Amino acid sequence: MASPASLATLGSVRTNSSTVFEVSPSPGAVRRIRIISRISFRSVGGVQRRSRSPGRVCRCLVTTDLIEEKGIPFSSESTYRGSSGSREDDADLVLKPPPKPVSKAQPNGPDPVNSALWSPDKVVHDKMLETGQEDRDKMIESLGEVLEKAEKLETAKRVKLDGKEIRGNGKSSGSSRPSRPVNTSPTRKSKMSKSIWRKGNPVANVQKVVKEIPRIEREKGQEQKGRSPVTEANKPEALPLAPLQNQMPSPSQVIPKLQVKPSVAPSAPPAPPVAKKPANLKDRKPVLIDRFASKKPVVDPIAAEALLVPTKPVKGPAPSKAKEERRKKSSAAGGVRRRLVDDADIPDEDASELDAPIPGVTGARKGRKWSKASRKAARLEAAKAAAPVKVEILEVGEEGMFTGDLAYKLAVSEADILGYLYSKGIKPDTVHTLDKDMVRMICKEYDVEVLEKDPIRVEEMAKKKELLDEEDLDMLEDRHPVITIMGHVDHGKTTLLDYIRKSKVVATEAGGITQGIGAYKVLIPVDGKAQACVFLDTPGHEAFGAMRARGARVTDITIIVVAADDGVRPQTNEAIAHAKAAGVPIIIAINKAYKEGANPERVMQELSSIGLMPEVWGGDIPMVQISALKGNNVDELLETVMLVAELQELKANPHRNAKGTVIEAGLDKSKGPTATLIVQNGTLKRGDVVVCGEAFGKVRAMFDDRGGRVDQAGPSMAVQVIGLSSVPIAGDEFEVVDSLDVARERADACAESLRVARISAKAGEGKVTLSSIASAVSAGRQSGLDKHQLNIILKVDVQVGAGLECGIGVSDFNDWEVGDIIKAFNAVTKRRTLEEASASVTAALVGAGVEL
Ligand SMILES: Nc1nc2c(ncn2[C@@H]2O[C@H](COP(=O)(O)OP(=O)(O)OP(=O)(O)O)[C@@H](O)[C@H]2O)c(=O)[nH]1
């Protein structure tokens, strides 16, 4: 309880219920006066009523500083609880004069403060004013705290939602505490932005600041003040915090700057906020605006502008009408590809041609349609090239044709031909060989003209030329026979020749044959006396007909080998034809006669059917059944040969310059151009000047069939010579002349004559050979061949000679027909069947415009 003295010094305040003053009268110490209960500020003791509300509640806290400032001495030990005091005590307290001021006395006049204090009404009034002011401050402060707490809660929620928890808000709040009174008036958004910004989450803050604050400011500025839009730079200062900022400037002035910082772009010109967003967001983190923005395709601004640029309006509806008309026309024509041509001019029968690509128009319309058409055309062209081409004119020889060959030339199947023959009551032979009459009949059915095949150049080549002059008749001497072995493939020609060489040549001459030059000299005992003979080897494949023809031309006797287990075959017939054409005697060697399954009688019958009647059957053709492998009856065969040769009375003039035929030619690395010559008349000496077609030269050396050097070669002798200017052509005739000048002139004349002959004879006859093509091209003649070129690379080792399984003469091709070249190519390569090779190459030639 307060003492009366203390109460007297403090003054009295009457309350309706109790006195709530707690006074500590000790000066200098911290004192506190607390109103802890309901008080009613009424007019007490002449003091003006502060509040007319009897129930007004007011809680205030007054520090002793204020009391000390007022000069009121008090002590904490003296308290007064006046509820139990009497009115007199209260009056005494009021009526008593206040004690003399201790600390601040004013001698010249009354101290306004002290005087006021000493004025009972004024003291109470001032205290009430001070208490009211403090209450307002307290209320403002408490409201600020409440708002700040609410902001913290809201911010925490938002941050949690963003996955970023904001911690330590108390610090920031504390730092901004001085501005709380200011923040009572501004918007919550600005404070939140400030708070978040200061917590180091600039991204979220940036979004809010950029998007919201300027808009709010702008709206407020425009609506309330009616001013022109503020710039971005002065927006922060235009916040509605300004009035209170003047009173509490320091913190509030900093906060708006932090809020506006991300959105401020001082150097940027004023622009709509929408236009500014991408730049700011891009500067920060675009992924927050659009996480997939980086994955989106980048649009070329120029292209986008071009697309967005509106097209100029086209005058009139012409394009659509024309397009519609074209569509109608194309639909009527029935194809997309026909839109590019004038359909009205196209007859119906030519409509199919439009399926092919249109030259020159293809490039005008690119797309799947045209590429598909191109592919279709390519397929058709390929199929056309691969398919057999029906000939218009067919040549047929005396030997007739195979059914397969005729079917290919007529572009039909063999079944069609056989069916036609059966319908006519004709049954072809077992090998399906059609004779000439059958071929004519069939070709007439298919409207193909048939011409008699020229028995030809092969036959002409096979004809034996007369090598003897009138001067030679008085100096003729016997000569060795030249024998050629011919026959079908694998019928045993080489086996027979090998047996003769081993049994006769090797046995009689030491060393045997060391070099094969396509001619072999053999000594055959006849009546106990060895007689020499020369064998020429020729390939049996059909492609080497020309070689066999040349062989037949230079030969005196022809041995035709026929396998008893296979019978007469095509090359058998060909060999027979060549021999007949050359007028050369024919001896039939029925080989493999002792082989199981062999039927020599059937062979004899077949031969007799083609005009070769066996001697045993009363004919004039010697036929010997032998075994080339075992050597059975080979001596009998040789005796027969020599008997026939003896009957021929083979003679020549060895005392004159040599004449003969080139049977083989080639190019040797060390020797240069080489040629195997068989002397048919005269004697060839070393140093002679020879002319071989277009080649000429002095014979520098000669080699016999054993490889030995020889100085001369008489009639029926085969030698290899070196020293020629070029490689001659197998089959060319050679002749010894007096000098090189003469030889040169003869060679040039021969070359020109051959060239002219090839052009006129080959090309004029419609026969296409490499020579005719080359001659036509070189001569520049308009023969229809100068526009085409056929490139064939064929690697061979020799031109013509013995054992030519792997080689044929390149030069021979110059005079060959293309068909024979194809066959030769197939024979050498053996990559595929003859029909396949012929079909493919023929198709290529036909496609190139070459008539075969
Ligand atoms: N059983 C038997 N086989 C033989 C006989 N003669 C040859 N042959 C075999 O028949 C095959 C062909 O013999 P070749 O001598 O190469 O026939 P070719 O006529 O020279 O053949 P080309 O030179 O290609 O024309 C070989 O396997 C020989 O062994 C024979 O009398 N009896």
Side-chain angles (χ1 to χ4, degrees), residues 483-506 513 516-520 522 535-552 555 558-579 586-604 606-607 623-638 640 663-664 730 796-809 812 820 823-831 833-834:
I483 304 167
T484 301
I485 300 177
M486 297 184 184
H488 196 72
V489 179
D490 290 339
H491 278 200
K493 299 183 296 294
T494 304
T495 303
L496 175 61
L497 187 59
D498 289 344
Y499 180 82
I500 294 173
R501 289 190 321 184
K502 292 177 183 176
S503 61
K504 304 301 177 184
V505 177
V506 176
I513 298 176
I517 58 174
Y520 308 92
V522 177
F535 279 86
L536 298 180
D537 192 12
T538 59
H541 198 275
E542 62 172 341
F544 307 113
M547 296 182 187
R548 286 190 291 270
R550 292 191 181 95
T555 192
T558 299
I559 299 176
I560 297 176
V561 179
V562 181
D565 61 346
D566 195 16
V568 176
R569 298 306 304 269
Q571 274 68 59
T572 306
N573 292 325
E574 182 191 82
I576 293 171
H578 291 168
I586 295 175
I587 298 175
I588 300 297
I590 302 176
N591 193 26
K592 307 182 184 179
Y594 306 98
K595 184 180 179 182
E596 184 180 358
N599 190 356
E601 297 295 330
R602 186 175 64 89
V603 175
M604 295 171 67
E606 291 177 354
L607 292 172
M623 295 185 183
V624 181
Q625 298 181 17
I626 65 169
S627 172
L629 190 62
K630 299 179 180 178
N632 296 342
N633 290 338
V634 175
D635 293 342
E636 182 182 352
L637 176 64
L638 293 178
T640 304
I663 60 174
E664 192 174 274
V796 297
D797 57 348
V798 292
Q799 288 187 347
V800 178
L804 294 181
E805 287 87 353
C806 60
I808 54 177
D812 290 340
D820 290 337
K823 295 175 182 178
F825 180 79
N826 172 69
V828 172
T829 59
K830 295 182 179 178
R831 291 176 180 173
T833 64
L834 175 63

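This is a predicted model, so every value here is computed, not measured. Atoms within each ligand, like the ligands themselves, are counted from 1 in listed order.
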**Prompt:** For ligand 1, is there an N or O atom under 3.5 Å from any N or O atom of Asn591?
**Reply:** yes
**Asked** Under 4.0 Å from any heavy atom of Val489, which atoms of ligand 1 are there?
**Response** 24 (O), 25 (O)
**Prompt:** What atoms of ligand 1 come closer than 4.0 angstrom to any heavy atom of His491?
**Reply:** 17 (O), 19 (O)
**Complete:** His488 heavy atoms within 4.0 Å reach ligand 1 at atoms 19 (O)
**Asked** For the side chain of Asn591 and the backbone of Ala563, is there at least one donor-acceptor N/O pair under 3.5 Å apart?
**Response** no
**Message:** According to side chain to side chain donor-acceptor pair (under 3.5 Å), who are the partners of Asp565, at least two apart in sequence or on a separate chain?
**Reply:** Lys595
**Request:** Provide the number and element of each atom of ligand 1 under 4.0 Å from a heavy atom of Thr494.
**Result:** 15 (O), 18 (P), 20 (O), 23 (O)
**Request:** Give a yes or no answer on whether the side chain of Glu606 reaches the backbone of Val568 with a donor-acceptor pair at less than 3.5 Å.
**Result:** yes
**Asked** Are the side chain of Thr555 and the backbone N or O of Thr558 linked by a donor-acceptor pair below 3.5 Å?
**Response** no
**Item:** For Ala628, atoms of ligand 1 separated by under 4.0 Å from a heavy atom
**Value:** 6 (N), 31 (O)
**Message:** Can you confirm whether the side chains of Asn633 and Tyr594 place a donor and an acceptor under 3.5 Å from each other?
**Reply:** yes
**Request:** Would you please determine whether Gln571 falls within less than 4.0 Å of ligand 1 on a heavy-atom basis?
**Result:** no
**Request:** Return a yes/no value for Lys595: is any of its N or O atoms, backbone included, closer than 3.5 angstrom to an N or O of ligand 1?
**Result:** no
**Asked** Can you name the residues that form a side chain to side chain donor-acceptor pair (under 3.5 Å) with Asp566, not counting sequence neighbours?
**Response** His491, Arg569
